[in-house]
Amino acid sequence: MQQPHRYDHTAVEQRAQRAWREADVFATPDDATDPTYVLGMFPYPSGELHMGHVRNYTITDAFARFERMQGNEVLHPMGWDAFGLPAENAAIERETNPREWTLECIERMRGQLHDLGFGYDWRREVTTCDPGYYRWNQWLFKHLYENGLVDRREATVNWCPSCETVLADEQVEGEDEHCWRCGTLVEQRDLDQWFLRITEYAEELLEGIDDLDEWPANVREMQRNWIGRQDGATVEFVIEGEPVEVFTTRLDTVVGATFFALAPGHSLTSTLVADDPELGSEIDDLKARIDSSAEDEEKRGVFTGAYAKNPATGEEIPVYVADFVLADVGTGALMGVPGHDERDHEFAEKYDIEIRQVIAPEREAGNGDGENADSDGDGANGIEDTDGIDVNDAAFTADGVLVNSGEYSGLDSASAREQLIADIESAAAHTQYRLRDWLISRQRYWGTPIPMVECPDCGYVPIPDERLPVTLPEFVPTTGNPLEADEVKSWRETDCPDCGGSARRETDTMDTFVDSSWYYLRYISPDLDELPFDTERASDWMPVDHYVGGIEHAVLHLLYSRFVTRALSDLDMLSVEEPFEHYLAQGMVQLDGETMSKSTGNVVSPQRIVDEYGADTARLFILSAAQPETAFDWTEEGVESSHGFLARLHGVIGTIADGKGGIDDADNTAGSDARDGADTGDVHEYVEREIDATIVSATEEYEDFRFNRAVREIRSLVGLLAQYRDYADSDRAIVERGLVTVVKALGPIAPHLCEELWDRLDGEGLLAEAAWPTPNEDTDGYDRERRLIENTREDVRHIVDVAGIDDPEHVEIVVAPAWKHRALEIALGADAEENVIGAIMANEEIRAQGDAAAEYGQDLAAERRSLSPALSAGREEATLRRATWLIEREFDATVTVRAGDDAEEDTASNAKPGRPAIDIEA
RNA sequence: GCGAGGGUGGCCGAGCCAGGUCAAAGGCGGCGGGCUUAAGACCCGCUCACGUAGGUGUUCAUGCGUUCGAAUCGCAUCCCUCGCACCA
């Protein structure tokens, strides 16, 4: 129709952004009371925002804006995970230094975040490479140290040869063990390193998962797996007079232990082979095999010549050193039970070790599973009561009933375990975790210096708080650790805080995951000088209410953060134990089904989209393409469709606001156009109710982060408003209310355009600060009304189609008579045993309907269990009346709605509550 | 191997937790109509089968089962995705 106003997104965006900035809309005052804390994982400043970031921050921004409009105080900050190895490489490549490079990247990305219209409280911005931030990493380290949660010890650790640094276990991925950052295969090295003792919290962290009911199930499961709790027992086997402890989850099989195995790295191993050089070199071979990332190769072992005394039987069993025994699992030694452990079985077969059955399947009545019951059970090796199992073929690994175990025979596995713990002197119940301590040393420059000095006299001494931060010296481009370079010798040389003698600074820096393990606390009081965060305020504002970010951090960042939060809580720094109440793992952004990634080159540049279509289009497309947690494909068509919608909305509101639009003057008087049956008042009410219904459902969708559904609701309201505006007697006030609703409800998603349109519609103040729309009327039952209208319209179409009516003249819609509604109510209220027909016929008015009543009663009785309540006859009639204009427009026919009681008998008899009778005249 | 999550109409994807209002939302693609000189954009319908009055039949991986009633609950099987894995 009218010339659409040109939609100059760049101008619109700049205007809106300036307005927000000037009004300081997104600031969270320090005296806020428990604001809604909405947080996206802060980015590593690589220099360029990618679509994953855009998706992440669009989600948090839309939600934060929604919360603000709901009248809640909101904390929505942003910062930079600014330390990390890539900056060192980039600095060397570009002949600059990591600091400058990083700050430039931050500058650029901050600009991009601005351009996208994300509303952050920039006064709370944190940058982890800033000494004002990382001094608190050092402070935290020191306080953990003082509380016994820091350890320096020699260990076999993961070394990435490409990054030239060690890595924590969590940062090594996959079966092939590659570096999480660069993908290089890691190696093992024995080094003295700093650890945070996260294992102290293993049980707490595990139990805490149960309460994280707003986390995705898979993330919770991944954390459970990672912590890997195992309940079992420790028990000692004596080897040449030396007790050696093993851990086992199957103490019930101890009688079946026919060999003993040590890890090549076990301390006893070297003792046992000390005076046998040949044996020693064989074991060195084994060690070498383990180091060379042993795939699923055959297990190998070496018999040491020694014997271990089985604590349950007193039997002497051979001691092997075996490559499948890992030094860092359990105690680095194990009892071999070939009959009931697949791995031990394989080993025993190879070295011809006795395989003994001590567990039989529990016989249950009706266990018809013949699988093991009839497999040549008579070939059994003279052992009775083995229930047909032959452990020579394969280990039987399930729990069962003990056999061949002397006094323990007949006990079930669980009871046997308890009994054995009680009976064997050296045995004790023990719980073991797979979780390892968090190795935080990094042999890199661009990280937080670990605030320790090594004094020849006092050993390692922490640097006192008042001398923090330990700042980084100038960057020296070099291979290896730049902090070990000659050029920074003067930085390394220092004095001992304890004795004042000359000492050497620790040259390892911290894992950058330390930085991110508490940054969400620093936002709460970013300028505080005395402490990392204000305890009182943090206890009020925490936990983060909604945390959004990639699932790749399921066991890294998210686990470390949980640990640090608990540790801080135990230091009385914080009164919450879990940092993130609701965690939303956003899905991938894909292109042609492939994850967008720089390495493969299939990326869409956010910058290009913003330039070409505008930030609002990008945001709208991203949020309408899929639910936040599922992956979606980026498509140009989708982007264009989103852009088209915004441009149309812009056009529609432009024409209306300018008063030259397609609607009549607001004060037109209705009724002159005497359409049969369609009272214009009903039409208006219909639209009003649809506006209300849209508000209610959009609100619900927002609350659940289902922006895609909210968008659908809003778009369909726009469609309705367009139809209504074309309707001859539309009411300008209602159109405006509809548009205001659309603008408000879409505001969190496409904030710039909506801010502009809000202004055009003469909205007061800024949309970003406006109140969320509320329905005019109680929307109870609107669902049923919508369904009734939709069903009825579909039925009309259906009839027209199936009956082949070319040009319907008149549509008569007849609501079921009141007595049928009453009958339905009675049927619904009837007790299960009650006779429905009887109950209905007890009503005099219904009984008066004679055969019709009996017939309908039978219908009700037949369907009694699937009956659902309907609108009252009067409401049904009113609802349909409000919708007649839609049918009139669609078929260009007149439409009448009648109450069943006033209509002709024939027609009315077809009507049921919720299902009006329809009569169409051609 | 262990664990978790899944398998829905041509495709994508809701529904499943709280069984009936589900032939099953929405989008895409396809078809028809409107608008238009035409195309595009946009708007309105249709899109499992049969059917000249809103009907009937057969569907939600497969097979059993529970129930008056199952896409939804249970069991088994097959397949897919992800995580962990020589873990004692």
Side-chain angles (χ1 to χ4, degrees), chain A residues 1 4 173-175 216-228 230 232-234 246-251 253 257 261 263 290 294-299 322-326 328-337 341-344 346-347 397 432-434 551 554-555 593 624-627 630-633 635 637-638 640-641 644-645 647-648 651 706 708-709 711-713 715-716 719 722-723 726 783-784 787-788 790-805 832 862-870 886 889-891 910 914-920:
Chain A
M1 43 185 68
E173 297 180 333
E175 206 171 338
N218 59 334
V219 174
R220 300 206 292 167
E221 197 54 33
M222 281 160 79
Q223 292 214 351
R224 279 196 195 98
N225 283 343
W226 190 262
I227 295 168
Q230 275 182 309
T234 51
V246 301
F247 174 79
T248 176
T249 54
R250 293 300 304 276
L251 191 60
T253 65
I290 293 177
E295 292 293 307
D296 262 12
E297 285 174 55
E298 219 179 326
K299 303 177 192 344
D323 62 358
F324 70 89
V325 185
L326 306 179
D328 61 347
V329 173
T331 61
L334 59 81
M335 63 179 202
V337 186
D341 181 284
E342 280 167 19
R343 191 197 44 224
D344 296 347
E346 192 189 319
F347 189 79
T397 57
Q432 161 184 293
Y433 301 88
R434 210 181 68 99
I551 199 164
V555 283
S624 40
Q627 302 202 5
T630 51
F632 78 91
D633 259 8
T635 64
E637 293 86 347
E640 269 163 23
S641 137
F645 170 68
R648 281 196 299 286
R706 306 219 262 202
N708 56 329
R709 293 165 164 233
V711 168
R712 193 171 70 217
E713 285 288 338
R715 286 181 81 145
S716 93
Q723 279 193 57
D726 290 345
D783 277 1
R784 250 178 282 159
R787 205 155 50 222
L788 174 67
E790 217 20 76
N791 288 345
T792 307
R793 291 179 69 189
E794 263 172 33
D795 281 348
V796 173
R797 284 175 206 132
H798 209 164
I799 294 167
V800 167
D801 181 41
V802 175
I805 301 167
E863 300 162 22
R864 65 177 306 178
R865 280 181 240 251
S866 56
L867 295 174
S868 53
L886 292 166
R889 282 172 60 91
E890 187 173 338
F891 295 97
N910 287 327
R915 203 79 203 275
I918 297 165
D919 200 44
I920 299 175

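Note: hydrogens, waters and symmetry copies are ignored here, and every other heavy atom, side chains too, is used. Chain A is the first sequence line, chain B the second, and so forth, proteins listed ahead of strands; every chain is numbered from 1.
Both distances falling under 3.5 Å, in either a Watson-Crick or a G-U wobble arrangement, place B:A61 opposite B:U77. Pairing for B:C42 goes to B:G34, judged as Watson-Crick or G-U wobble with the two contacts each under 3.5 Å. Under the Watson-Crick or G-U wobble criterion, with both distances below 3.5 Å, B:G29 is paired with B:U47. Shown here, B:G20 forms a base pair with B:C68; the pair counts as Watson-Crick or G-U wobble because both key distances fall under 3.5 Å. Base-pair partner of B:G3: B:C82 (Watson-Crick or G-U wobble, both distances under 3.5 Å). In this structure B:A14 sits in no base pair that meets the Watson-Crick or G-U test at under 3.5 Å.
At whole-Å resolution of the value, CD in A:Glu342 and P in B:A88 are 12 Å apart. A:Met335 places its CE atom 15 Å from the P atom of B:C87, with the value rounded to the nearest Å. When the P atom of B:A49 is taken as reference, atom CG of A:Asp801 falls 13 Å away, rounded to whole Å. Whole-Å rounding puts the A:Asn225 CG to B:A4 P distance at 9 Å. Taking atom CD of residue A:Glu173 and atom C1' of nucleotide B:C84, one finds them 12 Å apart after rounding to whole Å. Spacing between atom CZ of A:Phe324 and atom P of B:A85 amounts to 18 Å, rounded to whole angstrom units. Here the C1' atom of nucleotide B:G20 and the CG atom of A:Leu867 are 10 Å apart, to the nearest Å. Atom P of nucleotide B:C46 and atom CD of A:Glu890 are separated by 8 Å, given to the nearest angstrom.
Comparing A:Ser868 and A:Trp226 by the nucleotide of RNA chain B that holds the closest heavy atom to each, the one mapping nearer the 5' end is A:Ser868. Each of A:Val802 and A:Asp344 lies near RNA chain B, and the nucleotide nearest A:Val802 is the one positioned closer to the 5' end.
Considering only heavy atoms from C-beta on, A:Asp344 comes within 4.5 Å of A:Leu334 through its side chain. No side-chain heavy atom of A:Thr248 sits less than 4.5 Å from a side-chain heavy atom of A:Val337. No side-chain heavy atom of A:Pro916 sits less than 4.5 Å from a side-chain heavy atom of A:Asp795.
Heavy-atom neighbours of A:Glu342 CD from other residues, nucleotides or ligands within 6.0 Å: at or below the threshold of 12.
Both the sub-6.0 Å distance and the 45° axial angle are satisfied by A:Arg715 relative to the ring of A:Phe645.
Comment: A:Glu221 engages A:Arg224 in a salt bridge, judged by a side-chain N to carboxylate O separation of less than 4.0 angstrom.
Using a 4.0 Å heavy-atom distance criterion, A:Arg797 is classed as a sugar-phosphate-only contact. In this structure, A:Arg715 reaches neither bases nor backbone, as no heavy-atom distance under 4.0 Å exists between it and the strands shown. In this structure, A:Ile551 reaches neither bases nor backbone, as no heavy-atom distance under 4.0 Å exists between it and the strands shown. Residue contacts shown for A:Arg224 are absent, as no nucleic acid heavy atom lies under 4.0 Å away. Contact annotation for A:Ala917: base contact, defined as any heavy-atom pair under 4.0 Å involving a base atom. Residue-level contact check: A:Pro869 touches neither bases nor backbone, having no heavy atom under 4.0 Å from any strand. Counting any heavy atom pair closer than 4.0 Å across all strands shown, A:Gly804 reaches no nucleic acid atom.
Closest to the side chain of A:Arg787, out of B:G5, B:G83, B:U21, is B:U21. Taking only side-chain atoms of A:Arg712, from C-beta outward, the nucleotide of B:G26, B:G54, B:A88 with the closest atom is B:G26. You'll find that the side chain of A:Val325 is closest to B:A88, out of B:A4, B:G54, B:A88. Between B:U52, B:G55, B:C68, one nucleotide has an atom nearer to the side chain of A:Arg915 than all others, and that is B:G55. Checked against B:A88, B:C42, B:A4, the side chain of A:Asn218 finds its nearest nucleotide in B:A4. With B:C42, B:A85, B:A53 as the candidates, the nucleotide lying closest to the side chain of A:Arg434 is B:A85. In the set B:U52, B:G54, B:A4, the nucleotide with an atom closest to the side chain of A:Glu221 is B:A4. In this structure, the nucleotide among B:A88, B:C68, B:A53 sitting nearest to the side chain of A:Ile799 is B:A53. Residue A:Arg793 places its side chain closer to B:G45 than to any other of B:A14, B:G54, B:G45. Distance from the side chain of A:Arg343 is smallest for B:C87 among the nucleotides B:G51, B:C87, B:G3.
Every residue was checked against the ring pair (Phe, Tyr, Trp, His ring centres under 6.0 Å) condition with A:Phe891, not counting sequence neighbours, and none meets it.
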